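Within every chain, numbering begins at 1; the chains are lettered A, B, ... in the order of the sequence lines, protein sequences first and strands thereafter. Keep in mind that what you see is a predicted model, and the values were worked out from it rather than measured.
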Amino acid sequence: MPSDFIREIVAVHVAEGNQVHTRFPPEPNGYLHIGHAKSICLNFGIAREFGGICNLRYDDTNPTKEEVEYVDSIFEDVRWLIGGWADHCLGLKPKGKTPDTMTVEGKSDFYLAPVTGGASTKVGQTSSLPPSSGEKVRDRQDACPTLEPFYASDYFDQLYQYAVALLKKAKAYVCDLSSEDMDKYRGVPDRPGKDSPFRNRSIGENLDLFTRMKNGEFPDGACTLRAKIDMASPNIWLRDPVLYRIRHAEHHHTGGKWRIYPMYDFAHCLSDYLEGITHSICTLEFEVHRPLYDWILENLDLPRPLPHQYEFARLSLGYTVMSKRKLMQLVNDGLVSGWDDPRMPTISGLRRRGVTASALRAFAYHIGITKYNGLTDVAVLEHAIREDLNQHALRRLVVLRPTKVVLTNFPEGKTEELDATNNPEDPNAGTRKVPFSRVLYIEQDDFTETPPPKYFRLRPGGEVRLKYAYIIRCDKVVKDASGRIVELHCTADLDSKSGGPNSGRKVKGTIHWVSAAQAIEAEVRLYDRLFTVPEPDAAGDFKQHLNSRSLEVVTAKCEPGLKDAKSELRYQFERLGYFCLDSGHQPSTTSHQLVFIRTITLRDAWAKEAQKA
RNA sequence: UGCCCGAUGGUGUAACGGUAGCACAGCAGACUCUGGAUCUGUUUGUCAUGGUUCAAAUCCAUGUCGGGCAGCCA
């Protein structure tokens with residue numbers, strides 16, 4: 001079980017006999033990325049470890065930036081990530097439900113209870129491999145018939161009433177200052193601001209003005225509702241922050257009902273309160289907002305226990321960018337194929353790439369939770385991916401860049417069926433048959449006429465074992481007029497067959513191969529990291545550091561059984577890497593029936609050795 | 001030059017006044033019909049200076065460096 005400073009706080013809270021209730025509150029203005037995955041694993045992990053619930057809530061208070069496409073993708077990504085791990089902790093609510101009015105300690109109050117979404121969300125997989133990776137939620141009704149995530153926008157009525165309550169206590173006011181003037185009045189961090197000339201309007205006048213704001217009597221920007229705190233505070237966020245602004249805009253969830261929309265600071269703490277959140281966990285940049293979070297709740301004189309905010313460092317990953325703005329730029333500029341491009345650090349991109357949810361969770365576990373802003377080495381992610389895939393991936397023989405081999409002493413027309421292990425890490429995975437015949441393909445890299453030191457693959461006059469088959473010796477290199485290798489003539493040691501009585505003879509190298517007659521072709525997309533430098537957004541335009549070779553497409557020769565490859569399975573093409581079917585692939589885009597994506601290469605000790613030379 | 005937060009090997013993290021540990025990466029070796037996996041060994045660290053204490057990564061002070069805050073974004 002992971003341990004960090006936030007879990008320590010939660011543990012104390014639980015030891016005192018309290019329930020834990022967290023929430024994951026994304027704004028639906030883009031796709032979720034691996035940084036969100038860190039937050040999801042934290043919030044749902046805490047709920048899971050301490051017997052609590054974690055609500056999924058859209059923080060949708062800005063209608064001009066949010067879209068239903070993002071609402072849907074977020075729900076899908078969250079369910080995929082926590083599937084088989086924390087479904088039972090997922091807090092949802094009945095469709096269309098808004099907060100109940102209740103009385104606590106003689107005070108009128110609002111509350112919206114969660115329903116744990118486990119069974120009803122149809123994400124019940126327990127394996128680390130998702131049954132339908134990357135399948136879009138095309139029909140929102142279908143995805144979850146009776147339950148849905150929480151929406152901050154479902155609280156607009158209550159939020160409005162809380163604002164009125166503040167107004168009645170003379171703790172807020174309607175301010176007519178333009179945005180530019182407000183900037184001037186705010187002052188700068190080391191100089192106090194000055195009071196707005198509208199700061200001391202009467203309660204009656206404020207109430208009237210706020211009502212008229214709500215009724216849409218003023219244009220965008222004409223005025224705002226502000227908290228009356230302290231224009232001289234050293235904390236900028238306490239200098240009479242804006243609570244409501246006017247936006248004559250259609251909202252993806254509330255439609256045309258509202259002309260005023262609450263700001264994050266006002267909506268977030270109260271949404272937490274409404275849902276009975278105990279620990280409101282966010283990233284470090286909100287640390288300076290915490291006094292405001294507390295101020296709003298405290299000054300409303302609420303009857304139930306108040307939520308508290310805790311902050312941790314967001315994820316920075318080497319060789320990638322994380323901000324939604326930059327990711328959106330990559331999408332909009334056509335630099336990648338979409339939010340789910342396999343090179344994107346988005347959850348949907350990683351999923352399409354073949355990364356499993358359990359690998360992502362393992363990654364989140366390994367990086368930990370602190371308040372230190374560091375840069376996490378991608379090697380940690382890559383290790384988590386390989387470790388997970390190594391356990392589950394089915395081994396298959398595929399040649400990415402073929403060189404033809406003719407076994408001159410093997411009978412023409414003869415085909416043998418050889419036994420091959422499906423997964424040496426998992427005896428239950430069994431074996432399969434692969435055809436072997438006179439003409440084969442091997443990897444171009446597995447033969448050279450000029451072997452460097454320690455090269456122990458095939459060379460003229462040298463021997464290698466063909467995995468699961470025979471030891472062969474290269475007798476002759478056949479070239480065309482331009483000197484390009486056309487084929488290799490080899491002889492097989494027919495006494496060396498794998499599993500046979502005389503198979504014990506050792507040779508230095510073992511290589512993979514595919515029988516030419518039975519081979520099937522597939523398009524294989526070899527993805528590499530998107531950027532060439534560890535910190536693409538450190539300075540200047542991050543797009544300058546795009547890796548021009550982040551995608552290479554080859555036509556590979558595959559063992560015939562791969563025609564039945566399944567998108568929910570993961571494959572290891574032996575000695576090459578981990579691959580999966582492209583779930584985002586549209587059949588019309590290629591002449592090949594099969595399209596594989598390389599999730600990640602195998603660790604390659606030879607590449608390191610070769611580099612030394 | 002205001003306020004808030006942070007600093008432990010190359011990287012990320014643990015140690016909660018009492019032996020600085022783990023993971024990744026690196027290096028060396030064993031094993032291997034995947035140069036994968038596995039196994040073994042191993043290099044490298046408490047930002048600085050003072051103070052408190054029998055004892056400080058930990059507490060205090062000062063400094064240095066890094067991050068955040070001046071949207072009617074979240």
J.: Does A:Lys433 have any side-chain contact (heavy atoms from CB on, under 4.5 Å) partners at least two apart in sequence or in another chain, and if so, which?
T.: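 side-chain contact (heavy atoms from CB on, under 4.5 Å) list for A:Lys433, sorted by chain: A:Glu417, A:Asp419.
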
J.: Would you indicate what A:Asp604 reaches in the nucleic acid, counting non-hydrogen atoms under 4.0 angstrom: base, sugar-phosphate, or nothing?
T.: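 Answer is sugar-phosphate: A:Asp604 comes under 4.0 Å of backbone atoms only.
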
J.: I'd like to check the salt bridge (Lys or Arg N to Asp or Glu O under 4.0 Å) partners of A:Arg529; sequence neighbours left out, ordered by chain and number.
T.: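 A:Glu382.
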
J.: For every nucleotide of nucleotides 21-31 of chain B, 5' to 3': is a protein heavy atom under 4.0 Å from its base (B), only from its sugar-phosphate (S), or from neither (-)?
T.: --SSSSSS---

J.: What pairs with A:Phe596 under ring-ring contact (aromatic ring centres under 6.0 Å, His included), at least two apart in sequence or on another chain?
T.: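 Here the qualifying residues are A:Phe573.
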
J.: Test of understanding: with salt bridge (Lys or Arg N to Asp or Glu O under 4.0 Å), list the residues that count as partners of A:Lys557, not counting sequence neighbours.
T.: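 In terms of salt bridge (Lys or Arg N to Asp or Glu O under 4.0 Å), with neighbours along the sequence ignored, A:Lys557 is linked to A:Glu521.
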
J.: So, do A:Tyr31 and A:Thr346 sit near enough that their side-chain heavy atoms are less than 4.5 Å apart?
T.: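 The answer is yes; the side chains approach within 4.5 Å.
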
J.: Please pick, from B:C72, B:G2, B:G35, the nucleotide with the shortest atom-to-atom distance to any side-chain atom of A:Asp190.
T.: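 So the nucleotide nearest the side chain must be B:G2.
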
J.: Using the side-chain contact (heavy atoms from CB on, under 4.5 Å) criterion, which residues pair with A:Lys508? Sequence neighbours excluded.
T.: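 In terms of side-chain contact (heavy atoms from CB on, under 4.5 Å), with neighbours along the sequence ignored, A:Lys508 is linked to A:Phe456.
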
J.: Determine the contact category for A:Glu425: base if any of its heavy atoms lies under 4.0 Å from a base atom, sugar-phosphate if only primed atoms, P, OP1 or OP2 are that close, otherwise nothing.
T.: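 Base contact.
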
J.: Is it the case that B:G35 (base atoms only) and A:Arg457 (side chain only) share a donor and an acceptor within less than 3.5 Å, ignoring hydrogens and angles?
T.: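 Pair found.
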
J.: Among pairs that include at least one residue of residues 220-235 of chain A, which meet salt bridge (Lys or Arg N to Asp or Glu O under 4.0 Å), considering only residues two or more places apart or in two chains?
T.: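 Qualifying pairs, neighbours excluded: none.
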
J.: Tell me the side chain to side chain donor-acceptor pair (under 3.5 Å) pairs involving residues 362-374 of chain A, sequence neighbours left out?
T.: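 Qualifying pairs, neighbours excluded: A:Glu287-A:Lys371.
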
J.: Nearest to the A:Thr370 side chain among B:G2, B:U34, B:A14, which nucleotide is it?
T.: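 Nearest to the side-chain atoms of A:Thr370, counting from C-beta on, is B:A14.
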
J.: Tabulated below should be each protein N or O lying under 3.5 Å from an N or O of nucleotides 64-71 of chain B; please produce it.
T.:
unit_1, atom_1, unit_2, atom_2, d
B:G67, O2', A:Asn373, ND2, 3.0
B:C69, O2', A:Trp237, NE1, 2.8
B:A70, O2', A:Arg186, NE, 3.1
B:G71, OP2, A:Asp183, OD1, 2.9
B:G71, OP2, A:Arg186, NH2, 2.9

J.: What residues, two or more places apart in sequence or in another chain, satisfy side-chain contact (heavy atoms from CB on, under 4.5 Å) together with A:Asn215?
T.: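 With neighbours one apart ignored, the set is A:Thr211, A:Glu217.
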
J.: Please list, chain by chain and in numerical order, all residues satisfying ring-ring contact (aromatic ring centres under 6.0 Å, His included) with A:Phe266, sequence neighbours excluded.
T.: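 So A:Phe266 forms a ring-ring contact (aromatic ring centres under 6.0 Å, His included) with A:Tyr244.
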
J.: Check every strand shown and say whether A:Leu315 touches a base, only sugar-phosphate, or nothing at a heavy-atom separation below 4.0 Å.
T.: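 The residue A:Leu315 makes no contact with any strand.
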
J.: In dot-bracket, 5' to 3', how would RNA chain B read with Watson-Crick or G-U wobble pairs under 3.5 Å, [ ] for crossing ones and | for pairs to another strand?
T.: .((((((..((((....[..)))).(((((.......)))))....(((((..]....))))))))))).....

